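The structure appears below as C-alpha cells.
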Amino acid sequence: MSESFAESCRAKTSWKHPYDELKRCITSTDVLWQQQQTREQKAAPRQAAELPLDTGRARLVVLGTGWAAARLIRDLNANLFDFTVISPRNHMVFTPLLASTCVGTLEPRSVALPLTDIQPQLKQPQNKYYAADAVAINKDTRTVTCMDDGQRQFDVRFDMLAIATGSQGSTFGIPGVEKHAHFLRDVANATHIRNHLITNWNKANLPTRPQEERRRLLQIVVVGGGPTGVEFAGELSNFISSDLMRIDAERARDIRITLVEGAQLLGSFDARLREYAARKLHNQGIHLVKSMVKEVKDKELVLQNGDVLPYGLCVWSTGVGPTDFTTSLPFAKTARGRIAVDDCLHVLVHPHKEDHGPQSPAEVKHNTAETHGHSSNDDFQPLDNIYALGDCCANVESPLPALAQVAEQQGRYLAKQLNRAAKAEKAGQEVPKCEPFKYHHLGSMALVGKGSAVVELGDPKGGRLISLTGFKSWVAWRSAYLTRLGNVRNRLYVMLDWTIALLFGRDVSAW
C-alpha cells in the first residue's frame, strides 16, 4: 500500500507545485503509517497481566464436562469464585438419549449442551475454558499440567480443584476390543456407529459382494445387557422395522441383531422387569446370547463357549473402568482404580505409604470388590482443597455405582458446600462444618423397543418401588428425559427431531 501511495505521490509532484505536493504526500504517508501501527497494536493479543483476571476470589479448577462437572459448574455462585474448566470436550452429553442418536432418531446437536449455556459466566474474562487434557496434578504447588493437542504442555494454578474426569469403557482385558469394537459414550461415538451402520447397509447391496460377505455386513452384535446395550438394540430394531423395511424389505429382513450378556439382562432391575424386557427384545427379533466374550477379531466375535459370531458392526457397552489419568494420580485409590474420597468428597492420600493402588487400568481386577484391601477412611488423610466426584471416584467405606444420577447429585452437593463456605468466609464468619454427602436413588429406566420401556421408580432398599411397563412406561421415559434436558433450546431440538422421525422417517445418509 505504501509503495503504490508513493508512486501516486511521484506522479502528482511531477507536474504541479512540486514542493507543496511532496510535503503533503510525506505528511499523508506518516499519518497512514501511524494509523497502521495503531491497528496492529490493537489486533495484537494482550498479555494475561493486562486483563482484569485477578479479582481476589478463590479460583476453582474443574476437570471434565460430564454430569458431575456440569452440575457443579451450573450451581456454582460465580460471584464467589473464579473458575477454570479443563476438558477436550466443550459440551456435556445427555447420555440417556445417546442411543437414539446412533440411528438418526435424534441429531447430535440435540444431546449436546454447550458449557456456556450451562454456565453463562464462562463468557466473562476472569473465567476460562481450556480445550486440553489434564495429564498431571501437583498438590504441593497447586497446579494442573495440561496437554494441548498431545504436543504442548502448560500449567494452570488452582486454589481448589474438582476432579470429574469420568471413566472409560471397560474392556476387561479382552483382546481386540479397543481395536475393533465401538464404544457408546460420546456424540462422536454415536456418529461413528451411525456412519458404520449405514455404510454396511449400502455395501451389502453391491453386486460385487459375495453372499457370505453380505450376510456378515448385516450382522450387528451388541455386547452388554445393561441399559445402554438394551436401549441401543431396541432403537436399532425400531429403525430397521420402521425405516429400512420401507427402503428395501428383503435386505432389512436379513439384518440380524445379537445381544451378548454374560450375567443378567438389566441386572439392576426387578426380576419381573428383566423378564418383560427379554420377552420384548425377543419378539422384535433380537437374539439373546448368554456368554462371556473371549476375543474380538476384525470380522468375528469369539465367545467363551466356543461359538463364533460374524459381524459387520460390534458395539461394546459392558460397563466402565478407570482412565489412565485417574490411575496415574498420586492419590489413594480403590481396588477398582477409582480415586478414594471421604464423606465430603475430599480426595484421600496415604499419610505414610507410597502405594496408591492401581497405577494403570491394566492393573485393575474387575472381579475384586471396590473396598478390597481398605478398612475405613481413617486409614487416609483428606486434602482440604482437592475434591473428586462422579465416575472417577468412590468412597472406600460405601462405594456408589457409576451412574449419571450419582454424579449429578455429587455435583449439586459440592456446589452447595463450596457456596456456603465462601459466603461464610466473605462475611467474616466461621466456615460451617461439611455435611456428609447422601445419595438418593431416584430409579432406573430403559427403552426396550418401539413404544415400550421398563421404568423402576424409587429405591429398592427403602421399600418404595413403583414398576411400569408397556406404553405408559415409554411415555414416562420420554417425559422424564425431556424435562431433564438442560435448556429450552435442546428440549425443542429433541421434540422437533421426534416429530420429524415420526412423520417423515429417519435420515439414512452417511457422511
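A quick note: this is a predicted structure, and the numbers were derived from the prediction, not measured. We number each residue from 1, following the sequence as shown.
The closest donor-acceptor contact from the side chain of Ser473 to the backbone of Val455 lies at 3.5 Å or more, if one exists at all. A donor-acceptor contact shorter than 3.5 Å is absent between the side chain of Gln126 and the backbone of Thr55. Checking side-chain atoms of Gln153 against main-chain N and O of Asp148 turns up no donor-acceptor pair under 3.5 Å. Formation of a donor-acceptor pair under 3.5 Å by the Thr65 side chain with backbone atoms of His91 is found in this model. The closest donor-acceptor contact from the side chain of Asp149 to the backbone of Gln151 lies at 3.5 Å or more, if one exists at all. With hydrogens and angles disregarded, a donor-acceptor distance shorter than 3.5 Å links the side chain of Asn189 to the backbone of Asp186. Between the Asn419 side chain and the Asp75 main chain, a donor and an acceptor come within less than 3.5 Å of each other. When atom types are taken as modelled, the side chain of Lys139 and the backbone of Ile137 share no donor-acceptor pair closer than 3.5 angstrom. Counting only distance, with no hydrogens or angles, the side chain of Asn490 and the backbone of Ala112 share a donor-acceptor pair below 3.5 Å. At least one donor-acceptor pair closer than 3.5 Å links the side chain of Gln410 to the backbone N or O of Gly390.
The closest side-chain donor-acceptor pair between Thr95 and Trp67 falls under 3.5 angstrom. Thr228 and Ser317 are not linked by any side-chain donor-acceptor pair at a separation below 3.5 angstrom, with hydrogens and angles left out of the test. Side-chain contact of Ser110 with Asp497: a donor-acceptor pair under 3.5 Å is present, judged by distance alone. At a cut-off of 3.5 Å, with distance as the only test, no side-chain donor of Thr143 or Asp155 sits close to an acceptor on the other residue. Side chains of Asn385 and Asp159: a donor-acceptor N/O pair is absent below 3.5 angstrom, by distance only. Donor-acceptor pairing under 3.5 Å is lacking for the side chains of Thr116 and Tyr129.
Annotation: side chain of Gln417 is not in contact with side chain of Cys344 (no heavy-atom distance under 4.5 Å). The side-chain heavy atoms of Asn138 and Thr145, taken from C-beta on, include no pair separated by under 4.5 Å. Under the 4.5 Å side-chain criterion, counting only non-hydrogen atoms from C-beta, Glu235 is not in contact with Cys102. Side-chain atoms of His346 and Leu383, non-hydrogen and from C-beta on, never get closer than 4.5 Å to each other. Residues Leu236 and Leu197 meet the side-chain proximity criterion, which asks for heavy atoms closer than 4.5 Å. Inter-residue side-chain proximity for Asp117 and Met92 is flagged as unmet; no heavy-atom pair is nearer than 4.5 Å. Within the 4.5 Å cutoff, side-chain heavy atoms of Leu400 are placed close to those of Phe437. For the pair Phe325/Asp133, no side-chain contact is recorded, criterion being any heavy-atom separation below 4.5 Å from C-beta on.
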- Message: Assess the residue pair Thr469 and Arg272 against the criterion (side chain to side chain contact (heavy atoms under 4.5 Å, CB included)); give the C-alpha distance rounded to whole Å, side-chain angles, the decisive distance to 0.1 Å, and a yes or no.
- Response: CA-CA 10 Å; Thr469 59; Arg272 185 179 68 88; 4.2 Å; yes
- Applying side chain to side chain contact (heavy atoms under 4.5 Å, CB included), run through Val406 and His441 and close with a yes or a no. CA-CA 8 Å; Val406 174; His441 186 71; over 6 Å; no
- Message: Between Arg185 and Ser167, does the side chain to side chain donor-acceptor pair (under 3.5 Å) criterion hold? Intermediate values first, please.
- Response: CA-CA 10 Å; Arg185 297 186 55 79; Ser167 56; 3.2 Å; yes
- Item | side chain to side chain contact (heavy atoms under 4.5 Å, CB included) assessment of Thr105 paired with Phe239 | CA-CA 8 Å; Thr105 307; Phe239 175 54; over 6 Å; no
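For the residue pair Leu76 and Gln119, the shortest heavy atom distance occurs at O-NE2, 3.6 Å. Considering every non-hydrogen atom in both Glu261 and Gly225, the closest pair reads OE1-N, 2.5 Å. Here the closest heavy-atom approach between residue Asn127 and residue Asp82 is recorded as OD1-CA, 3.4 Å. Of all heavy-atom pairs spanning Val103 and Arg194, the tightest one is C-NE, 4.4 Å.
Expressed to the nearest 0.5 Å, how far OG of Ser452 lies from CG of Asn238 amounts to 11.0 Å. Between the OG1 atom of Thr326 and the CG atom of Leu329 there is a distance of 6.5 Å, given to the nearest 0.5 Å. Atom CD1 in Ile386 sits 11.5 Å away from atom CG in Leu348 (nearest 0.5 Å). With rounding to the nearest 0.5 Å, the separation of CG in Asp391 from CD1 in Ile339 is 11.5 Å. In this structure, Ile86 CD1 and Phe158 CZ are separated by 10.0 Å, a value rounded to the nearest 0.5 Å. Separation of atoms CD (Glu231) and CG (Leu97) is listed at 8.5 Å; rounding is to 0.5 Å.
Note on ring orientation: taking the six-membered ring where Trp is involved, the planes of His196 and His182 are perpendicular (angle over 60°, cut-offs 30° and 60°). Below 30°, between 30° and 60°, or above 60°: for Phe94 and Tyr481 the angle between ring planes is above 60°, a perpendicular geometry.
Other residues, nucleotides and ligands contribute more than 12 heavy atoms inside 6.0 Å of the CD atom of Gln124.
Trp477 has its ring centre no less than 6.0 Å from the ring centre of Phe471.
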